[in-house]
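The block underneath contains the structure these notes are about, expressed in structure tokens.
Only this structure's heavy atoms are used, side chains among them; waters, hydrogens and symmetry mates stay out.
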Amino acid sequence: MITKEQVEHVAKLARLSLTGEEIDLYSKQLSKILDYIDQLNEVNTKGVEPMTQPIPTVNVMREDLVKKQFARDEILKNAPHEEYGFFRVPKIGE
Amino acid sequence: MKDLVNKSAKELNKLFLSKEISAKEIVNAFYKQIEIVEPKIQALNSLTKDLAYKQAEELDQKVSRSDKLGPIAGVPIIVKDVLCVKNYHATCSSKILENFIAPYESTATSNLWSAGAICLAKSNMDEFAMGSSTENSAFKKTKNPWNLNTVPGGSSGGSAASVAAMEAPVSLGTDTGGSVRQPASFCGVVGLKPTYGRVSRFGLIAFASSLDQVGPFARDVYDTALILQHMSGYDPKDSTSLNVDVPDYISKLNIGNLKGKKIGLIKELIGDGIESEVRKSVENSIKILKDLGAEIVEISLPNVKYSVPVYYILATAEASSNLARYDGVKYGHRAQGTKEVLPMYTKTRQEGFGAEVKRRIMLGTYALSSGYYEAYYKKAQQVRKLVTQDFLNSFEKVDLMITPTCPTTAFELGSKVEDPLSMYLSDIATIPASLAGLPAISVPCGFDSKNLPIGLQIIAPALSEELLLSAAYEFEKTCNLFNKTNMKVSAVVVG
């Protein structure tokens with residue numbers, strides 16, 4: 001069971017503002033999904049190494065070279081608000 | 001013109017090389033077909049006409065100068081809208097990326113253009129590839145060409161439907177938990193998920209990075225092999241890309257090697273929850289495989305039944321992290337009217353993401369949050385290991401494995417939208433191979449009484465795509481549904 005308070009807390013962590021209706025709905029739906037997921041508790045995983053990905057590659061390294069990837073204005077084309085060649089955002093902090 | 005759109009990628013390439021048709025004629029024919037069927041199917045988000053005609057002109061000029069041509073010259077392709085094609089939209093069927101123009105090219109598509117392929121369009125999908133019906137698109141509902149009241153499957157539903165409706169001979173999808181194989185099954189086409197690491201993920205907008213793979217759709221196994229061949233390979237830009245040679249899949253298609261092969265039928269994925277008509281069709285496929293000389297043995301993968309819960313923790317956890325980048329700062333939608341940055345983030349994400357994406361971000365954030373990490377995320381990673389171990393153990397006894405691709409045939413539009421869990425269970429047979437990173441293919445194997453296609457899934461050991469493809473090729477030849485597919489789909493969408 002996941003309460004409305006927990007839904008609100010998780011929404012805050014995920015930087016989502018949810019409507020009252022969404023909070024109700026997600027509380028119900030996530031509870032149902034988590035009940036289903038709880039069957040994992042049947043499995044004995046003592047000593048089992050967690051698997052992060054399917055292939056055994058580790059620490060893929062490359063030379064640390066400076067390369068020109070993009071022109072600044074190419075990247076800024078997608079910016080919702082650009083000014084003086086920078087990304088403009090609303091006020092941060094006081 | 002109508003004859004051209006019926007052709008396979010292989011045939012189109014041949015006609016182009018023999019100078020019977022120009023690349024421009026090919027492009028014209030497929031845009032004409034798109035014009036006819038698209039109002040009914042709604043498979044595409046945008047057409048890439050400028051690019052298609054530019055690529056066609058370059059190809060036609062090469063022909064006139066007798067320059068060397070790529071191995072799939074003249075083959076038109078539709079690309080899922082989650083892959084970046086430079087200077088074109090990459091929306092992921094999400095409002096948050098509605099106006100995003102890709103500033104670079106994905107490696108998978110770049111490889112195909114270098115080999116001579118032509119980009120026709122970007123296809124509809126479940127938002128951020130999250131879904132099994134393509135109904136989670138923010139833009140449109142794609143219909144299954146076999147029956148316009150049913151879903152095409154998902155998340156690559158647009159790519160699957162477009163190939164079934166002959167808007168292109170081949171298309172690209174992506175598969176995280178079945179998003180190529182499941183829609184292939186629903187739309188009566190072939191769909192392949194390669195080994196994790198076989199195809200570069202560079203330029204593929206991430207959903208769950210430890211699972212995502214790009215995979216081809218086609219109307220036959222040969223074309224599937226052809227596209228996989230020319231998009232695969234090591235890419236230094238993707239650190240999970242495997243630095244191993246790509247075998248010549250095409251030359252190995254014909255080796256007819258089902259004789260004497262041991263094929264495991266996964267017991268846990270043929271029992272409860274599988275529709276009886278689907279089961280019957282798989283039993284019929286077993287007969288065909290036996291006639292071809294394969295030995296069928298029932299095998300048990302005891303942990304495979306936990307695959308769906310494992311997947312919905314791991315995929316959502318990875319998604320919650322991957323989708324943190326959509327904050328309205330550097331690209332994508334930004335909410336208006338907020339005075340500070342934090343409300344700008346939350347309002348942007350509230351407005352930009354659809355219900356299923358939010359639900360998964362919530363689930364994934366919850367699974368990673370303090371106090372629940374061990375119980376959910378770590379537990380799921382451990383069970384993933386056990387599922388993978390089950391596959392490795394069984395592949396010591398068998399060469400290939402089979403299951404139905406999906407427990408059902410295509411379901412009606414709207415029938416599962418209200419119940420996320422029932423939607424998730426549509427991927428019960430495809431998720432296991434994804435968790436283990438194994439290559440798997442869905443090939444059409446029959447029809448139910450409503451005349452909707454059924455798919456057979458074949459799974460192979462890691463990096464054994466040549467075995468997978470040659471088995472599917474031999475099966476397809478004997479099953480011989482291809483002409484039936486062509487005729488019936490034409491009747492629905494054109495007639």
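Proximity to chain A is limited to the backbone of B:L435, based on heavy atoms less than 4.5 angstrom apart. Contact of B:M362 with chain A is made through backbone and side chain together, with heavy-atom distances under 4.5 Å. For A:Q29, the part lying under 4.5 angstrom from a heavy atom of chain B is the side chain only. Looking at B:N99, the atoms closer than 4.5 Å to chain A (heavy atoms on both sides) all sit in the backbone: N, CA, C or O. Heavy atoms of A:L76 lying under 4.5 Å from chain B are absent altogether. At a 4.5 Å heavy-atom cutoff, the contact between A:L16 and chain B is made by backbone and side-chain atoms alike. Heavy atoms closer than 4.5 Å to chain B are found in the side chain of A:Q6, but not in its backbone. Contact annotation for B:Y377: neither backbone nor side-chain heavy atoms come within less than 4.5 Å of a heavy atom of chain A. Interface residue A:D38: only side-chain heavy atoms are found under 4.5 Å from chain B. Of the two parts of B:Y372, only the side chain, counted from C-beta on, holds a non-hydrogen atom closer than 4.5 Å to a non-hydrogen atom of chain A. Residue B:E418 touches chain A through its backbone alone, counting heavy-atom pairs closer than 4.5 Å. At a 4.5 Å heavy-atom cutoff, B:S320 makes no contact with chain A through either its backbone or its side chain. Looking at B:L463, neither its backbone nor its side chain comes within 4.5 Å of chain A, counting heavy atoms on both sides. Only the side chain of B:N303 comes within less than 4.5 Å of a heavy atom in chain A; its backbone stays farther off.
Between B:K95 and B:E98 no salt bridge is recorded (no basic side-chain N to carboxylate O distance below 4.0 Å). Of the charged side-chain nitrogens involved, none lies within less than 4.0 Å of a carboxylate oxygen, so that A:E8 and A:K12 do not count as a salt-bridged pair.
When each of B:K358, B:E351, B:K378 is checked for heavy-atom pairs under 4.5 Å with chain A, B:K358 comes out on top. Heavy-atom pairs under 4.5 Å with chain A peak, among B:K330, B:E318, B:R349, B:Q389, at B:K330. Across B:P302, B:P420, B:G197, B:S434, the residue that shares the most heavy-atom pairs under 4.5 angstrom with chain A is B:P420. Per-residue heavy-atom pair counts under 4.5 Å with chain A were compared for B:A375, B:A355, B:S369, B:A462, and the maximum is reached by B:A355.
Donor-acceptor pairing under 3.5 Å is lacking for the side chains of A:T52 and B:Q381. With no hydrogens or angles considered, a side-chain donor-acceptor pair links B:K379 and A:T45 at under 3.5 Å. Inspection of the A:Q69 and B:Y104 side chains reveals no N or O donor paired with an N or O acceptor under 3.5 Å.
Between B:L363 atom CG and A:I37 atom CD1 the span is 5.0 Å, to the nearest 0.5 Å.
Side chain of B:E356 to main chain of B:N136: no donor-acceptor pair is present (N/O by atom type, distance under 3.5 Å, no hydrogens or angles).
Figure legend: cation-pi geometry between B:R384 and B:Y311 absent, as NZ or CZ is not positioned both under 6.0 Å from the six-membered ring centre and within 45° of its axis.
Counting heavy atoms from C-beta outward, A:I2 and A:Y26 have side chains that stay 4.5 Å or more apart.
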